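Here is the structure we will look at.
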Amino acid sequence: MSNDMARTLNIIVFKDEGFYIASGVELDIVAQGSTPEEAMNRLELVLNAEMQEAQSVGRDVFDLGPAPDSIQSLFREDDVVSKDERLVA
């Protein structure tokens with residue numbers, strides 16, 4: 001992907017069995033933490049690592065594909081801990 005293009009990545013955080021899970025919606029990445037903030041910070045690390053890997057092999061990070069339907073359906077519900085939107089360059 002060229003540097004002049006940016007796409008939106010919607011992120012949700014939800015609680016599952018005592019952990020907070022942060023997940024991308026349009027991109028199948030996930031991280032967990034003991035707090036919502038920790039899960040989001042870890043997801044950002046995963047996203048950055050995936051973007052670097054994609055760039056190093058000449059592919060688009062979005063080639064990973066979207067999150068599974070179960071995660072996408074959570075994005076449309078109101079019982080998630082938080083929703084966030086990030087620009088991915």
Side-chain angles (χ1 to χ4, degrees):
M1 178 167 50
S2 68
N3 290 336
D4 59 350
M5 270 178 64
R7 287 186 268 179
T8 300
L9 175 62
N10 289 291
I11 300 167
I12 59 170
V13 178
F14 57 96
K15 195 167 187 177
D16 186 34
E17 297 185 19
F19 290 98
Y20 290 92
I21 310 297
S23 178
V25 176
E26 298 83 6
L27 186 57
D28 190 12
I29 59 170
V30 66
Q32 73 177 27
S34 57
T35 65
E37 295 80 15
E38 182 180 32
M40 285 292 292
N41 289 339
R42 288 181 174 184
L43 185 73
E44 188 147 337
L45 291 173
V46 171
L47 176 60
N48 287 333
E50 288 291 347
M51 287 172 55
Q52 288 177 355
E53 172 66 18
Q55 184 178 22
S56 74
V57 296
R59 67 172 171 81
D60 187 326
V61 71
F62 281 85
D63 289 347
L64 289 172
D69 290 340
S70 58
I71 297 297
Q72 292 183 33
S73 67
L74 282 175
F75 183 71
R76 294 183 286 274
E77 295 178 9
D78 292 329
D79 61 347
V80 297
V81 174
S82 71
K83 294 181 183 180
D84 194 357
E85 187 177 275
R86 302 285 168 104
L87 288 180
V88 178

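We count residues from 1, following the sequence as given. All values derive from a computational prediction rather than experimental measurement.
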Checklist entry - Given D60 and R7, is the side-chain contact (heavy atoms from CB on, under 4.5 Å) satisfied, shown in steps? => result CA-CA 11 Å; D60 187 326; R7 287 186 268 179; 2.2 Å; yes

What are the two closest non-hydrogen atoms of [X] and [Y], and how far apart are they?
| X | Y | result |
| --- | --- | --- |
| A22 | A39 | CB-O, 3.5 Å |
| D28 | P66 | CB-O, 3.5 Å |
| S23 | F14 | CB-CE2, 4.5 Å |

Main chain of [Y], side chain of [X]: is a donor-acceptor contact present, judged purely on distance under 3.5 Å?
| X | Y | result |
| --- | --- | --- |
| Q72 | A67 | yes |
| E26 | N10 | yes |
| E53 | A49 | no |
| R42 | A31 | no |

Checklist entry - Taking side chain as C-beta onward, heavy atoms only, is I12 less than 4.5 Å from I71? => result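 The answer is yes; the side chains approach within 4.5 Å.
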
What distance do [X] atom [atom1] and [Y] atom [atom2] have between them, rounded to the nearest 0.5 Å?
| X | Y | atom1 | atom2 | result |
| --- | --- | --- | --- | --- |
| D69 | L74 | CG | CG | 11.0 Å |
| I29 | L9 | CD1 | CG | 5.5 Å |
| L47 | I11 | CG | CD1 | 7.0 Å |
| Y20 | E37 | OH | CD | 8.5 Å |
| L64 | L27 | CG | CG | 5.0 Å |
| L43 | E38 | CG | CD | 12.5 Å |

Checklist entry - Yes or no on side-chain contact (heavy atoms from CB on, under 4.5 Å) for V30 and I21, after CA distance, side-chain angles and deciding distance? => result CA-CA 7 Å; V30 66; I21 310 297; 3.3 Å; yes

